[in-house]
Structure formats: C-alpha cells, structure tokens
Amino acid sequence: MIWAAFALAAMINIEAAQAMFRTLEVRHGAKASMKAPKGGKLISDELLGIFFEDISFAADGGIFAEMVQNGSFEYSPMERDNWGAATSWRFIRPGHSLGKMEPRMDNPLHPNNPTYMRLYIERVGHYPDFDGWTGVGMENGGFDGFAVKAGQKYDFSAFFRNVEGGNKEVRIVLLEPGGRGRQQKILAEQTIVASLNAWQQIPTTLTPTENSSFAVLQLLVLGKGKLDIDQVSLMPQDTYKGHGLRKDLIQALADMKPKFMRFPGGCVVHGGGDGFWGTYRWKTTLGPRHERKPLKNTWGYHQSMGLGYYEYFQLCEDLGMEPVPILPCGVTCQGAGGGWGMTQDAAPMEEMDEWTQDALDLIEWANGDVTTTWGKKRAEQGHPEPFHLKYLGLGNEEFISPHFIERFKYMYERIAKAHPEIVIVGTVGPGSHPGNGDYDNGWKLADELGLPLVDEHYYEHREYFLNNRQYDNYPRDRKTKVYLGEYAAKDSKLIDALAEGLYLLHVERNADVVRMTSYAPLFARKGNTCWNPDLIYFDNERPYLTCSYYVQKMFGQSAGQYYYGDCVRFEGDKAGLVQPVKDSHYGQSVVLNVKTRRLYVKLCNATNETKQAHLNLSRFGNLKAGTKTLLYGQPYLGNNFDSQPIAPVVEPFKAQSKTDLYLPPYSFTMLEISL
C-alpha cells in the first residue's frame with residue numbers, strides 16, 4: 001500500500017511528509033484519492049489490528065473448525081493432570097460386544113505423532129433397542145459436544161490399519177445421546193471398510209438429519225480382530241472461504257476490518273513456563289496434519305497444530321491483513337522454571353545461528369518464489385504465490401537482560417542485513433511504561449540499533465486509560481515508532497470499553513508515533529478461560545461480542561491517513577482546545593481517509609452527564625450521506641452471556657458543515673461521512 005513506502009520514516013517535518021504522501025498518490029495512481037485539507041496531521045492507516053494467541057482454547061476448540069478433540073491421541077499428563085491418550089474418548093461396546101482399547105506407540109503413523117489407539121474386538125453382539133447397532137469402538141465428545149446442523153455436510157476421516165482378522169466394517173455415527181428426558185437419536189451414519197494391514201486414510205461425509213447442540217461421534221468396528229486408528233477428524237465443509245476456520249468467529253474479525261494480525265503469541269512464542277521445551281517452532285506446524293508436531297500449550301492444554309503457520313498466513317490473506325509473525329530469539333520467557341520473575345534461560349551463543357536461520361527461512365517461505373527451498377514448500381501446501389511478508393517480530397515482552405540483548409542483536413543484525421525490506425519489530429518488555437527498567441533498557445536498545453518498531457505491552461485498571469496519555473510526551477524525532485501490541489482494561493464492562501476508547505482517541509492523536517495497536521487477548525472459550533477480560537467469548541454455536549469489541553470495531557472501520565484535532569469543541573471548553581483538560585473523561589478524533597473519501601468523527605463521553613459537542617467540518621467541502629453508530633448503556637453492565645448484551649445502534653446521519661451533537665452519558669459515537 002502507499003503508506004508502506006514511508007510508514008516507518010521519522011516524521012520531523014509533517015508538511016514535508018504530507019507532500020511526500022501526495023506525491024506517492026500521484027505516482028501510484030490512487031483512483032479514489034483526494035487532496036487533504038490543511039490542518040491535518042499525517043498518521044498511520046494501519047493503526048488497528050488484532051493479536052491472536054492460542055489462549056483459552058482459541059485455536060483447537062475455537063477458530064480451527066476441527067470438531068474432534070484429541071483425534072491424534074497425543075494428549076498427555078505432561079499437559080494437564082489426569083490427561084492421557086484416551087482423553088475425550090470413551091470406550092463403547094453396544095449390543096453386549098466384547099473387546100478393549102489400548103494406546104500404543106510402536107510403528108506409528110508418523111514420528112511426530114507417535115501415539116495411536118488399538119481396538120481389540122473379541123465378540124460383536126446385538127443391541128436390543130437399535131436393530132443392528134453393535135460393535136466395539138470409541139466415542140468422542142468433542143469440545144463440550146458437537147454442535148451440528150441439519151442438512152449441512154461434515155467431512156470425516158481417519159487413518160486405519162487392519163492388524164488382525166478379515167476386512168472390517170466400521171460404522172461412523174453422529175449420535176445425540178439420551179438422558180435428561182431425551183431419547184437417543186442417530187443423526188447421521190456411514191459405513192467404511194478397513195482392509196489394509198498398513199496405515200490408510202479413509203474419508204466419508206456425514207449429513208445430520210436434525211440440529212443438535214450436544215452430539216457425539218462414534219466409531220464402531222463390526223468385525224473380530226485388531227484395528228489401529230489414528231488422526232480422527234470431523235470438519236464442517238462450510239468454513240470461512242473453505243480454509244478450515246470457523247465462519248462465525250472469523251466473520252467477527254472481518255467485521256473489525258483489522259489491518260494486520262500478530263501471531264502466534266504472546267507467551268506461546270517462547271514457551272511460557274516450560275522453557276525451550278515448549279518454544280513454538282514454526283517449521284513443525286507445516287505440512288499434512290498427521291506430520292505436524294503437537295506441543296503443550298503454555299496455558300496448560302494441548303496444541304494439535306492443525307492451525308499452523310500456513311493457516312495463519314492464509315487467514316491474513318483472506319482478511320486483507322498484514323501478517324506479523326513473532327519468533328523466539330534464543331531466550332525463554334522469564335516465567336520459565338516456576339513463576340513470573342524467575343531467571344531467563346538463554347541458548348548458547350554457538351546455537352544462535354539455528355534461531356537466526358529459522359527467521360531467514362520463514363522470510364523465504366513467505367516471500368520466496370517456487371524455485372527457492374522454502375518457497376517450494378509453501379507452494380507444495382497449495383500457495384505458489386508469495387504471501388508478501390512485510391513485518392517480523394523478534395521476541396515477546398522478555399526481560400531486557402544482557403542475555404536477551406546479546407541474542408536479539410545477533411539475530412537482528414543478520415536478518416536486517418539479509419532482508420533490509422523486512423520491518424523488524426522489537427520489544428521493550430512487560431509493563432511498558434516510562435520508568436520501568438525493561439522499558440528503559442528496551443528503548444535504549446531500540447535507539448542503538450535504529451529499530452523501526454518496538455512492541456509495548458500493558459494491562460491496567462480502567463482508571464489508567466481514563467486518566468493517562470502516555471504518548472503525548474513521546475519524542476517526535478525518534479526513528480523507532482511504537483506498536484502497542486497488548487493492552488486492555490482489567491474488566492469487561494461498558495465503562496472499561498469506554499476507557500479503552502478514550503485512550504485510543506489519544507493514540508490516534510499520536511498516530512505519527514504509534515503506528516499499530518492490538519487488544520489482547522482476542523478469543524476465549526466459555527468455561528475454558530485462562531485470562532480475563534477477552535475481546536470475543538464463544539461457545540460451539542455463537543460468539544459473544546463484548547463492549548470492547550464494538551469499540552475496537554469502530555476504530556478498525558475508521559482508518560485514515562490524516563488526523564484533525566480542531567474540528568470538534570465541547571461545550572464549556574476553551575475555543576481552539578485540541579486536547580481535553582486533564583482527567584476530563586471525554587474526547588474526540590476526526591480522521592480523513594483520502595483513498596476512500598470518507599471522514600470519521602469519533603466522540604467518547606465516559607462521564608455521567610450529557611455532553612454537547614460542536615462540530616465544524618466545513619473545510620472538507622461537500623458532505624454526503626453518512627451513518628451514526630452509538631454505543632451506550634449502564635456503565636457497569638456488559639458481557640452478560642445470559643441476557644441481551646450491550647450493542648451499538650446504527651442509524652442514518654444527515655451530515656452538515658456545522659452541527660451540534662448531544663452525547664449521552666457513558667457513550668461512544670462514530671460518524672462516517674462520504675465526501
């Protein structure tokens with residue numbers, strides 16, 4: 001995009017930068033662009049993105065549409081107490097059949113997935129209530145059951161190996177269990193035949209005849225002998241753009257219009273408390289699912305890696321987002337070995353070439369043509385065209401220790417030399433506020449290296465976001481700019497969303513210094529939440545959108561290249577006041593998108609009184625039709641899953657050059673006006 005040509009240059013002379021922008025518009029022939037009126041400040045139009053981390057079952061059991069839990073039998077007590085190969089499975093033998101199941105690891109399907117399940121079938125009996133329903137087998141409960149819809153198609157597959165006995169019919173059944181006053185129902189079934197004494201993947205399709213919120217999947221073997229089973233899968237055919245991700249959850253992201261996605265973490269990147277053993281290595285997430293190497297999740301569960309780097313990049317392409325992958329850089333999380341604040345582990349310097357090569361190979365995988373080693377591997381997965389990677393992050397909120405500094409510099413210098421076109425994102429540690437030791441050391445390192453971007457993180461109570469304006473005082477002549485990669489108010493009520501919105505208005509005012517932001521965490525599965533608050537909660541059937549989500553959505557939909565701070569005056573404020581008085585708890589922002597010819601006016605009133613705002617938009621010329629989005633309600637309500645949530649109201653807006661708006665107490669308003 002046009003902005004990318006100079007988005008990371010120092011902006012000492014704003015007028016010169018604006019002239020540069022207009023020159024680039026002409027050079028690149030932006031079709032719908034317009035000349036920006038005077039008085040605007042050039043800002044980042046990539047300000048609002050998302051940060052995805054596999055926390056609170058956000059991947060398996062979340063956006064990854066796989067419905068079977070532990071289909072590869074790789075769950076382990078190392079991941080969670082009382083877990084094992086049979087977790088989420090139940091041995092069944094309807095019709096008084098006889099047999100057993102046994103996890104095994106000899107002669108596996110693939111070394112990266114060494115565990116499989118063997119079924120011993122001694123006798124196939126008869127089940128009196130369902131004629132012909134017999135066999136020895138297994139039942140999977142999925143993630144709190146399978147939510148299926150009548151008439152929709154679900155693709156089943158599994159690997160089978162017929163170890164002993166003749167050809168074996170295997171009945172694949174979607175079943176709604178009985179109990180609690182319900183009759184047991186067969187929703188869909190197919191029969192396949194396992195014949196080979198070698199691993200063979202056998203697919204079929206199930207089409208339920210009724211809706212169900214709590215179905216189970218059964219595999220019933222109808223012949224005597226021994227049968228090995230691995231990599232059991234049930235995927236809906238109807239996924240987002242056919243790419244294996246859950247449609248409703250991804251649509252919620254698409255509606256935000258995010259400009260980038262940071263992934264896969266977070267603490268997941270450098271192993272959290274598990275040290276190097278738990279470090280996320282991108283290369284092991286590629287290829288067929290049965291060849292990917294699963295990993296204990298930092299947050300205490302299992303990552304199948306069905307959602308891997310290819311899927312992350314594909315999602316970015318589907319939603320028009322810049323991918324921002326984050327790689328480890330030779331040190332573990334400071335939580336390694338027991339708890340926050342423990343000593344970092346550091347890889348020996350003689351091993352740092354391996355970590356560096358991983359980064360160089362990732363760039364080649366994402367951007368190289370099909371004649372390169374890693375570009376060929378990307379093409380083999382189904383994407384011969386490059387992904388056009390622009391950003392690469394090194395490290396995630398590590399303590400800025402001497403170990404970290406030495407290893408970060410080693411990687412940065414070699415990657416920057418080999419790929420000067422890649423924008424490398426550094427870190428300034430956890431708790432990224434001035435005066436914090438890691439913050440100060442991280443910025444010192446950034447200045448020394450001339451880093452393009454550094455990643456700041458902080459989670460604070462609503463009072464911080466209501467009362468502090470951290471970026472007003474950042475130096476404008478600094479080469480390094482800010483990516484606010486993780487932040488959130490520490491509750492999930494409307495007042496917290498308004499506090500975040502008020503803070504984002506200040507960020508937008510400083511978007512010549514702050515180039516990117518992303519709320520965290522993004523997703524959390526109801527009943528399996530590792531962290532609160534979260535932007536989007538969900539269960540098997542729907543997302544639950546929070547007040548913070550709607551505020552983020554308004555900022556994502558209102559991206560632009562110019563900020564105007566003098567178009568709105570609140571009643572009672574002095575004329576010409578650009579910034580609200582300290583601790584005023586209200587604010588405004590006017591942003592112009594010259595590419596789409598849209599003007600956005602955002603107004604936050606986090607007080608308990610109605611506020612009158614005087615708008616003067618006459619400099620923008622002829623104003624056309626617009627819309628008004630209003631989010632408001634009781635300040636300490638929100639995110640009640642059992643009642644109607646607080647959601648914005650959208651209505652037509654008659655745009656005028658000069659107009660007054662009355663802002664309800666505890667409200668956020670956005671005007672979108674065509675020019």
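Every value quoted in this text rests on a predicted model; they were computed, and no experiment measured them.
Under a cut-off of 6.0 angstrom, the local environment of NZ in Lys293 is sparse, with at most 12 non-hydrogen atoms contributed by other residues, nucleotides or ligands. Surrounding NZ of Lys444 are at most 12 heavy atoms belonging to other residues, nucleotides or ligands under 6.0 Å away. Within a 6.0 Å radius of NZ in Lys257, no more than 12 heavy atoms belonging to other residues, nucleotides or ligands are found. By the 6.0 Å contact criterion, NE2 on His506 is enclosed, its count of non-hydrogen atoms from other residues, nucleotides or ligands being greater than 12. Counting heavy-atom neighbours within 6.0 Å of Glu380 CD, excluding the residue itself, gives a total above 12.
With a 6.0 Å cutoff to the six-membered ring centre and a 45° limit on the axis angle, Lys526 does not count as a cation-pi contact of Phe538.
For Gly426 against Leu451, the heavy-atom pair with the smallest separation is CA-CD1, 4.1 Å. Taking all atoms of both residues into account, the shortest heavy-atom contact from Arg525 to Gly61 is NH1-O, 2.7 Å. Contact detail for Thr285 and Tyr309: the closest heavy-atom pair is OG1-N, 3.0 Å. Smallest separation of non-hydrogen atoms from Asn70 and Ala85: ND2-O, 2.9 Å.
The aromatic rings of Phe387 and Phe313 sit tilted relative to each other, their planes meeting at an angle between 30° and 60°. By the 30° and 60° cut-offs, the orientation of the rings of Trp83 relative to Tyr75 is parallel. Between Trp365 and Trp282, the two ring planes are tilted [angle within 30° to 60°].
The shortest distance between side-chain heavy atoms of Leu394 and Phe408 falls below 4.5 Å. Residues Tyr391 and Tyr483 fail the side-chain proximity criterion, which asks for heavy atoms closer than 4.5 Å.
Residue Asp455 holds its CG atom at 7.0 Å from OG of Ser518, rounded to the nearest 0.5 Å. We find the CE-CG distance between Met305 and Asn297 to be 8.0 Å, quoted to the nearest 0.5 Å. If you take NE2 on His302 and OG on Ser76, they are separated by 9.5 Å, rounding to the nearest 0.5 Å. The distance from atom CG of Leu392 to atom CD1 of Ile424, rounded to the nearest 0.5 Å, is 6.0 Å.
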Mind running salt bridge (charged side-chain N to carboxylate O under 4.0 Å, His left out) on Arg262 and Glu486 for me, showing each step along the way?
CA-CA 10 Å; Arg262 172 181 169 227; Glu486 293 185 34; 3.2 Å; yes
Going through the distances and angles, do Tyr312 and Phe263 end up as a ring pair (Phe, Tyr, Trp, His ring centres under 6.0 Å)?
CA-CA 8 Å; Tyr312 283 126; Phe263 61 89; 4.7 Å; yes
Checking salt bridge (charged side-chain N to carboxylate O under 4.0 Å, His left out) for the pair Glu500/Arg462: CA distance, chi angles, key distance, verdict?
CA-CA 8 Å; Glu500 293 159 355; Arg462 67 178 71 99; over 6 Å; no
For salt bridge (charged side-chain N to carboxylate O under 4.0 Å, His left out), just list the numbers for Lys390 and Glu322, CA-CA rounded to whole Å, side-chain angles, deciding distance to a tenth of an Å, and then say yes or no.
CA-CA 7 Å; Lys390 184 171 73 175; Glu322 295 285 355; 3.7 Å; yes
Candidate pair Asp248 and Arg542, rule salt bridge (charged side-chain N to carboxylate O under 4.0 Å, His left out), full reasoning:
CA-CA 7 Å; Asp248 56 347; Arg542 56 163 291 191; over 6 Å; no
Using the side-chain contact (heavy atoms from CB on, under 4.5 Å) rule, take Thr427 and Asn396 through it: C-alpha gap first, then chi angles, then the decisive distance, then the call.
CA-CA 6 Å; Thr427 178; Asn396 168 72; over 6 Å; no
Could you walk me through whether Glu460 and His433 pass the side-chain hydrogen bond (donor to acceptor under 3.5 Å, both in side chains) check?
CA-CA 11 Å; Glu460 302 289 351; His433 296 307; 2.7 Å; yes
Criterion side-chain hydrogen bond (donor to acceptor under 3.5 Å, both in side chains) on Glu463 and Asn467, from CA distance to verdict:
CA-CA 6 Å; Glu463 287 76 17; Asn467 299 321; over 6 Å; no
Does Glu66 form a side-chain hydrogen bond (donor to acceptor under 3.5 Å, both in side chains) with Ser233? I'd like the steps, not just the answer.
CA-CA 7 Å; Glu66 175 60 66; Ser233 171; 2.5 Å; yes
CA sep, side-chain torsions, deciding dist, call: Gln314, His383, side-chain hydrogen bond (donor to acceptor under 3.5 Å, both in side chains)
CA-CA 9 Å; Gln314 183 69 72; His383 202 286; 4.8 Å; no
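A distance-only check finds no donor-acceptor pair linking the side chain of Trp89 to the backbone of Gly71 [under 3.5 Å].
Ring-centre distance between Tyr439 and Tyr458: not below the 6.0 Å cut-off.
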Output side-chain donor-acceptor pairs under 3.5 Å for residues 249-256, partner residues at least two apart or in another chain, one line each.
from, atom 1, to, atom 2, distance (Å)
Gln251, NE2, Asp255, OD1, 2.8

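Residues satisfying the side-chain contact (heavy atoms from CB on, under 4.5 Å) test with Thr356, not counting sequence neighbours, are Leu360, Tyr410, Met411, Arg414, Ile415. Not counting sequence neighbours, Phe51 has no partner by the ring pair (Phe, Tyr, Trp, His ring centres under 6.0 Å) test. In terms of the ring pair (Phe, Tyr, Trp, His ring centres under 6.0 Å) criterion, His243 has no residue partners (sequence neighbours excluded). For Arg104, the salt bridge (charged side-chain N to carboxylate O under 4.0 Å, His left out) criterion is met by Glu102, Asp106, not counting sequence neighbours. Considering only residues two or more places apart in sequence or on other chains, His110 meets the side-chain contact (heavy atoms from CB on, under 4.5 Å) condition with Asn112, His290, Glu291. Every residue two or more places apart in sequence or in another chain that forms a side-chain contact (heavy atoms from CB on, under 4.5 Å) with Ala65 is listed here: Met235, Pro236, Thr239. The ring pair (Phe, Tyr, Trp, His ring centres under 6.0 Å) search around Tyr301 returns Phe57, not counting sequence neighbours. Applying the ring pair (Phe, Tyr, Trp, His ring centres under 6.0 Å) test to Phe465 and every residue at least two apart in sequence or in another chain returns Tyr503. Not a single salt bridge (charged side-chain N to carboxylate O under 4.0 Å, His left out) links Asp438 to another residue, sequence neighbours left out. Every salt bridge (charged side-chain N to carboxylate O under 4.0 Å, His left out) that Lys247 has, sequence neighbours left out, goes to Asp238. For Ala559, the side-chain contact (heavy atoms from CB on, under 4.5 Å) criterion is met by Lys259, not counting sequence neighbours.
In this model, no donor atom of one side chain and acceptor atom of the other lie less than 3.5 Å apart for Asp512 and Tyr474. With no hydrogens or angles considered, a side-chain donor-acceptor pair links Asn510 and Asp472 at under 3.5 Å.
The residue from Arg292, Arg246, Lys241 that alone fulfils the salt bridge (Lys or Arg N to Asp or Glu O under 4.0 Å) condition with Glu311 is Arg292.
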